[in-house]
Structures are given as C-alpha cells and as structure tokens.
Peer 1: 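Starting off with a structure, shown below.
Note that this is a predicted model, so its numbers are computed, not measured. These values consider heavy atoms only, across backbone and side chains, with no hydrogens, waters or symmetry-generated copies. Just so we're on the same page: letters track the sequence lines, and every chain starts at 1.
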Protein chains: 2
Amino acid sequence: MLADNQIDTIINNQHFTVQKKLKKLFGHIDPTNPPEICPIRDILSPVSDKWSILIFIYLGLFKVLRFNELKKYVRGISAKILADRLKYLEQDGYLKRQMYAEVPIRVEYELTDFGYEYLEKLFNLIDWINLSMSEIIKKRHQFNSVFNNDK
Amino acid sequence: MLADNQIDTIINNQHFTVQKKLKKLFGHIDPTNPPEICPIRDILSPVSDKWSILIFIYLGLFKVLRFNELKKYVRGISAKILADRLKYLEQDGYLKRQMYAEVPIRVEYELTDFGYEYLEKLFNLIDWINLSMSEIIKKRHQFNSVFNNDK
DNA sequence: CCGGATCCCCAGAGATACTG
DNA sequence: CAGTATCTCTGGGGATCCGG
C-alpha cells in the first residue's frame, strides 16, 4: 500500500515528534501481512479495557486480594467476566494466582513485577484523565447541546 | 465499606509508591456515591479500546485524514463503528471534524492539541507493549500448553 | 462517488442459579 | 469461597441504503 520512500517522505515532513515514534507500528498498515499479530488489538487492548484497568488499580493498592474481595471493589463486574479477565491476565503474565486447598477454599491474586511495570505505565493515563476529566465533561455537554439545537 | 483510618493504614503499609498515587481514585470504592462518574469507566476506557487507539495512531502519523482513508488504515473497522468512534472523540475534544461541501463531499479529521496530549500519554503504553510483546506471547503459549496438558 | 445512517444479526457481556 | 453452567439480551459489526 505504501512504498518505503513514501513512508520516509511522510516521516520527514513530521510536525510532531510523535510521528517518528509511530514508524515502528507500520506493520499494521501493510496489507501483505494481515494474519500477523497486531500489538494494539491483540496485546494492549485486551488489558486496557475498563475492567482490567480497575483490577490493576485495586491489586496495586491492596497487593493481595481474594476473588470476592476483587469482585466487591471492582463494583459492577460479574463473576464470569472477573474470572475471564483474571485468567487472561494470568495467562499473559500480569498476575499470579495462588490457591489454598482449605475449607472453604481460598484463592489469592497478586500482581507480578511485570504487572506492576504495566501499572506504572497506566498511571500516565490515569493521572492525566483525573486532571482533564472536568474539562472533558464540559466539552461533552457543550457538544451535545449544540447537537440538540441543530435538530 | 472502608473507614478513612482503615484506608490510611493500608496506605501507610505501602510497599510500592504505586499505592500512594491510587488514593485519589478511592471515590470509586465508596458505595455511598454510586451514580458518580467513574474516571476509568466513563472517561478513559471509551478512548483506550482497540479502535480508538488505532485512530489516534494514524491521525498522529498523517496529521489529516479523510473518512475512507482512516477506514483503510484502521484495517477491519466497519464504517458504523468508525463513525461512532469519530463522533465520540470529537465530542470529548480529542479531534476536530472539517467538512467541505464539494462534490463529492470531503470530510477531514485532525487531532486537536488535547488529542496530541493524550496520544503522548498513550505512547508510554505503546512503546512498552512493543518491547514486551514477544515475551508476552511466549508466556501465553507456555500457559496454554500447561493448561491443555492438565486436561 | 463520498460519508455516513439504517437495518439486522450474532458474539459476548451480564444476571442468576448451581457445584466442587 | 471460588468459580462454572445456563440463559438472556445488549451493543458491536456487517450489509445495505441514501443524501449531497
């Protein structure tokens, strides 16, 4: 779709340093390798949804949590989705699961070092969202009132 | 659910600086204010899904893109979802939409300064995912082979 | 033709009940 | 207690249509 020299021309015309960093993601653009794994779709996005972020936050805060404690803190999540997310996060190495064969059974979840590393990166987003939130909500209301007046 | 002194005790016991930063998010924990806006669920997560991130990436790279150019680059997205996402991103102030009443009609999308600010934060995740991707995939395969042997 | 909007279907989220 | 099984139903996503 794009020749290397075309890409380089685009990159050279950059107005923002942002664009240089993006070059490594061009693999996604090239339609000749569609079955390839997309870093955003297959690796990042499954752990940046609302439930996963909240799980990271509460595990980061309390260090160790049991299944039902997590279910209580991450308000509104269903047991099925929580189990799914925990299995996924364990699979990709973000957290470890410790089962104690007591009666009643006890299962504890804890972030790995790798999980903490990811949580640190998430803070860049979380901090920024907390700062920008009120401004965003204001814009949202403005946009919607204009939209409704147009009708 | 948690008294202030209990929360402070937890915070004081922190083993990671991560935990201190999380205190500001405790609003989500308190069940006495459920109808409040949750920063993660209502502000961050709608713009950190796979499609939105890819839209940010390609707009950051090309600066200005038309509807069908975006649709081509963000491979696999449907027109409906693209229109939905673009409207949402415009509503919250991440991008601006410019319509030219030509024949055929032309519509261009471009990130705002606010959108670029958010993209900068996203890079912390994107860079890290690109570095960690191969390791994650390896862990994923290990986990699944163990899981299948258990069956 | 371009940029959507509309209609429709099905995967996956979510509620409930149940089990080791 | 920590999940799974089952069912329901929302909303994501494809196909089609339509105004400009």
Side-chain angles (χ1 to χ4, degrees), chain A residues 34 38 40-42 44-55 58-59 62 64-91 95-110 143-144 146-148 150-151, chain B residues 31 34 38 40-42 45-55 58-59 62 64-91 95-110 143 147-148 150-151:
Chain A
C38 166
I40 306 301
R41 191 192 54 221
D42 301 321
L44 179 58
S45 127
V47 296
S48 68
D49 65 294
K50 61 177 176 177
W51 296 133
S52 298
I53 294 178
L54 289 170
I55 290 170
Y58 288 111
L59 280 182
F62 291 103
V64 178
L65 284 176
R66 303 174 60 169
F67 186 87
N68 278 321
E69 290 175 326
L70 262 171
K71 189 169 181 310
K72 195 166 52 182
Y73 288 135
V74 183
R75 218 173 334 137
I77 197 171
S78 69
K80 178 186 162 191
I81 300 302
L82 180 56
D84 285 354
R85 289 287 175 277
L86 288 173
K87 195 175 290 179
Y88 188 91
L89 295 177
E90 186 194 2
Q91 161 198 285
L95 57 81
K96 53 177 180 290
R97 176 180 184 275
Q98 182 73 336
M99 198 177 85
Y100 300 92
E102 306 169 352
V103 179
I105 190 171
R106 179 162 58 101
V107 179
E108 293 183 343
Y109 293 92
E110 187 174 5
F143 185 86
N144 287 333
V146 170
F147 181 76
N148 290 333
D150 279 353
K151 271 193 171 178
Chain B
C38 166
I40 305 300
R41 191 191 56 221
D42 302 321
S45 128
V47 296
S48 69
D49 65 293
K50 61 177 176 179
W51 296 132
S52 298
I53 295 177
L54 289 170
I55 290 170
Y58 289 111
L59 280 181
F62 292 102
V64 178
L65 283 177
R66 302 175 59 170
F67 187 87
N68 278 321
E69 289 176 327
L70 262 170
K71 189 170 182 311
K72 194 168 52 182
Y73 288 134
V74 183
R75 222 177 326 140
I77 196 171
S78 70
K80 179 187 164 191
I81 300 302
L82 179 56
D84 285 353
R85 288 287 175 277
L86 288 173
K87 192 176 290 178
Y88 187 91
L89 294 177
E90 187 194 3
Q91 162 198 283
L95 57 81
K96 52 178 179 291
R97 177 181 185 276
Q98 181 73 334
M99 196 176 88
Y100 300 91
E102 307 168 351
V103 179
I105 191 172
R106 179 163 57 102
V107 178
E108 294 184 341
Y109 293 92
E110 187 173 6
F143 185 86
F147 181 75
N148 289 334
D150 281 351
K151 272 194 172 179

Peer 1: Would a 4.5 Å heavy-atom cut-off, applied to side chains only, mark A:Arg97 and A:Val107 as touching?
Peer 2: yes
Peer 1: Could you tell me if the side chain of A:Met99 sits less than 4.5 Å from the side chain of A:Ile105, heavy atoms only?
Peer 2: yes
Peer 1: From the 5' end of DNA chain D to its 3' end, which nucleotides mark the outer limits of contact with chain B, defined by a 4.0 Å heavy-atom distance cut-off (strictly under)?
Peer 2: D:dG12 to D:dG14
Peer 1: Side chains of B:Leu86 and B:Tyr109: does their closest heavy-atom pair fall under 4.5 Å?
Peer 2: yes
Peer 1: To the nearest 10°, give me the bend of the helix from C:dC1-D:dG20 to C:dG20-D:dC1, comparing the axes of its five terminal pairs at either end.
Peer 2: 30°
Peer 1: Is any side-chain heavy atom of B:Leu82 closer than 4.5 Å to a side-chain heavy atom of B:Ile55?
Peer 2: yes
Peer 1: Are any non-hydrogen side-chain atoms of B:Trp51 and B:Val74 less than 4.5 angstrom apart?
Peer 2: yes
Peer 1: State which residues pass side-chain contact (heavy atoms from CB on, under 4.5 Å) with A:Gln91; sequence neighbours excluded, sorted by chain then number.
Peer 2: A:Tyr88, B:Arg140, B:Phe143, B:Asn144
Peer 1: Going by side-chain contact (heavy atoms from CB on, under 4.5 Å), name the residues that satisfy it together with B:Ala83, two or more places apart in sequence or in a different chain.
Peer 2: B:Phe67
Peer 1: Can you give one letter per nucleotide of nucleotides 2-16 of chain C, going 5' to 3': B for a protein heavy atom under 4.0 Å from the base, S for sugar-phosphate only, - for none?
Peer 2: BSSS-B-----BBS-
Peer 1: Taking only residues two or more places apart in sequence, or in another chain, which ones meet A:Glu69 in a salt bridge (charged side-chain N to carboxylate O under 4.0 Å, His left out)?
Peer 2: none
Peer 1: Report the residues that fulfil salt bridge (charged side-chain N to carboxylate O under 4.0 Å, His left out) with A:Glu108, sequence neighbours left out, ordered by chain and then residue number.
Peer 2: A:Arg106
Peer 1: What residues form a salt bridge (charged side-chain N to carboxylate O under 4.0 Å, His left out) with B:Arg85, not counting sequence neighbours?
Peer 2: B:Asp49
